[in-house]
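See structure below.
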There are 2 protein chains.
Amino acid sequence: MAALKYSRQRESIKTYLSSTKEHPTADMVYLHVKEEYPNISLGTVYRNLNLLSDIGEAIKINTPDGGCRFDGNVMPHNHFFCKQCGRMIDLKMDDIEHVNEIAAKNFDGIIESHSILFYGTCGDCITKN
Amino acid sequence: MAALKYSRQRESIKTYLSSTKEHPTADMVYLHVKEEYPNISLGTVYRNLNLLSDIGEAIKINTPDGGCRFDGNVMPHNHFFCKQCGRMIDLKMDDIEHVNEIAAKNFDGIIESHSILFYGTCGDCITKN
DNA sequence: TTAATTTTAGTAACTATTATTGTTATCAAT
DNA sequence: ATTGATAACAATAATAGTTACTAAAATTAA
């Protein structure tokens, strides 16, 4: 297995992901890291986001519109997607890992995990209307 | 609002979706309907799949790899995605709508719904290994 | 049938992502 | 510190999946 060498760019991407709760797109990460490393390329950002996701140091979440968001918080948690403003928000909610057992009951394969995304309208959008 | 006119192509797409449990990709639908209507274009397939999904006569499911699958079964049900063979399988499982209330407990927005996808290894892939 | 409108096929364009290429940075051993 | 091997880099090209455009054909209403 290829040893992972240090790189400032990857470090910067990680730092940014850890600092924000915005669940940025790859492009948002790119624009941000660009401020520190103006020559960084979008491809590098993609490669490192996927790498971080692969080694479990970030989470990749696909949005209903086809795009992807990234999250530096790797603690298990669930997300909410606001249909109005498109924001993705962390949910502080009780564990629902038990749904895996419910799913496994009449299934002959192995359920390892699930990913769930909640939809609706966020608090901000409710007050705005 | 524009009235919806009949089209053989759309009918054929609908019929195919209703007849299969394979959760086909747009391209698989295209290849299948092409047997009946050799001149159909991929754009027509996409347009109609999205249309059917919009009017609630089909379901669009994004897979973890970025692609989309379509399902003619619009009854509420959950899906399983096999990490090995990439198949998407219907789960016959108890209702888990209660997770919406769990999510809503400490949240100031409105949780309308959720979508959940289970991951793991399907029965076929287990026996093969 | 005629006229109005939708749908189609074919193609082009678009977006997000991944792969490629030539160059530079990192690191361990000298 | 220098070297050599390998990884990471920027830049760009390529790809995949999807959507937009347009003229011609199909559908429906009158």
Side-chain angles (χ1 to χ4, degrees), chain A residues 1-17 22-55 57-71 81 86 88 117, chain B residues 1-17 22-55 57-71 81 86 88 117:
Chain A
M1 39 196 80
L4 198 61
K5 290 198 177 169
Y6 173 85
S7 93
R8 301 148 188 274
Q9 290 85 346
R10 179 160 58 237
E11 197 59 34
S12 176
I13 290 169
K14 253 180 83 173
T15 303
Y16 173 53
L17 278 187
E22 293 298 312
H23 306 88
T25 61
D27 201 60
M28 284 161 72
V29 175
Y30 169 63
L31 291 174
H32 191 274
V33 177
K34 210 178 167 68
E35 290 173 16
E36 192 176 1
Y37 298 100
N39 293 329
I40 198 170
S41 82
L42 186 54
T44 298
V45 172
Y46 271 107
R47 184 163 21 77
N48 280 296
L49 285 172
N50 286 330
L51 177 59
L52 290 172
S53 161
D54 286 345
I55 64 178
E57 300 195 8
I59 294 172
K60 186 176 181 176
I61 315 149
N62 346 32
T63 55
D65 49 58
C68 272
R69 306 291 185 86
F70 295 89
D71 191 344
F81 185 78
M88 187 164 283
L117 187 57
Chain B
M1 33 199 85
L4 201 60
K5 288 192 180 174
Y6 173 87
S7 93
R8 302 150 186 273
Q9 291 87 341
R10 179 158 58 235
E11 197 60 34
S12 176
I13 290 170
K14 252 179 84 172
T15 303
Y16 173 54
L17 278 187
E22 294 298 312
H23 306 87
T25 61
D27 201 59
M28 285 161 71
V29 174
Y30 170 65
L31 291 174
H32 192 275
V33 177
K34 210 178 169 66
E35 291 173 14
E36 189 176 5
Y37 298 100
N39 293 329
I40 197 170
S41 81
L42 186 55
T44 298
V45 172
Y46 271 106
R47 185 162 20 77
N48 280 296
L49 285 173
N50 285 330
L51 178 59
L52 290 172
S53 162
D54 286 346
I55 64 178
E57 300 195 7
I59 293 172
K60 187 176 181 176
I61 315 148
N62 344 34
T63 56
D65 49 57
C68 272
R69 307 291 185 87
F70 294 89
D71 190 344
F81 185 79
M88 187 164 283
L117 187 57

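Here the structure is a predicted model, which means the values were calculated and not measured. Below, chains carry the letters A, B, ... as their sequence lines are ordered, and counting in each starts from 1.
- Here the side chain of A:Asn48 is nearest to one of C:dG10, C:dT18, D:dC9, namely D:dC9.
- For the side-chain contact (heavy atoms from CB on, under 4.5 Å) criterion with A:Arg10, the lone passing option out of A:Asn48, A:Val45, A:Thr15 is A:Asn48.
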Check the interface with nucleotides 12-16 of chain D: list each N/O to N/O pair with the protein under 3.5 Å, or write none.
none

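- Residue A:Tyr46 places at least one side-chain N or O under 4.0 Å from the OP1 or OP2 atom of C:dT17.
- Heavy-atom distances to DNA chain D give each of A:Gln9 and B:Cys68 a nearest nucleotide, and the one nearer the 5′ end belongs to A:Gln9.
- Summary of helix geometry: the two end axes of the helix from C:dT1-D:dA30 to C:dT30-D:dA1, each defined by five base pairs via their C1' atoms, are inclined to each other by 30° (rounded to 10°).
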Is there any protein nitrogen or oxygen under 3.5 Å from a nitrogen or oxygen in nucleotides 23-30 of chain D, and what are the pairs?
residue: D:dT27; atom: OP1; partner: B:Arg8; partner atom: NE; Å: 3.1
residue: D:dT27; atom: O2; partner: B:Lys5; partner atom: NZ; Å: 2.9
residue: D:dT28; atom: OP1; partner: B:Tyr6; partner atom: N; Å: 3.4

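- Applying the side-chain hydrogen bond (donor to acceptor under 3.5 Å, both in side chains) criterion to A:Asn62, with sequence neighbours excluded, gives no partner residue.
- Distance from the side chain of A:Asn39 is smallest for D:dA10 among the nucleotides D:dA10, C:dA9, D:dG17.
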Donor-acceptor contacts, no H, no angles, side chain residues 26-40 of chain A, under 3.5 Å, sequence neighbours left out:
residue: A:Tyr30; atom: OH; partner: A:Lys34; partner atom: NZ; Å: 2.9
residue: A:Glu36; atom: OE1; partner: A:Ser12; partner atom: OG; Å: 2.9

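- At the phosphate of D:dT19, neither OP1 nor OP2 sits under 4.0 Å from any side-chain N or O atom of B:Arg47.
- For the segment residues 22-34 of chain B, the set of residues with a heavy atom within less than 4.0 Å of an atom of DNA chain C is empty.
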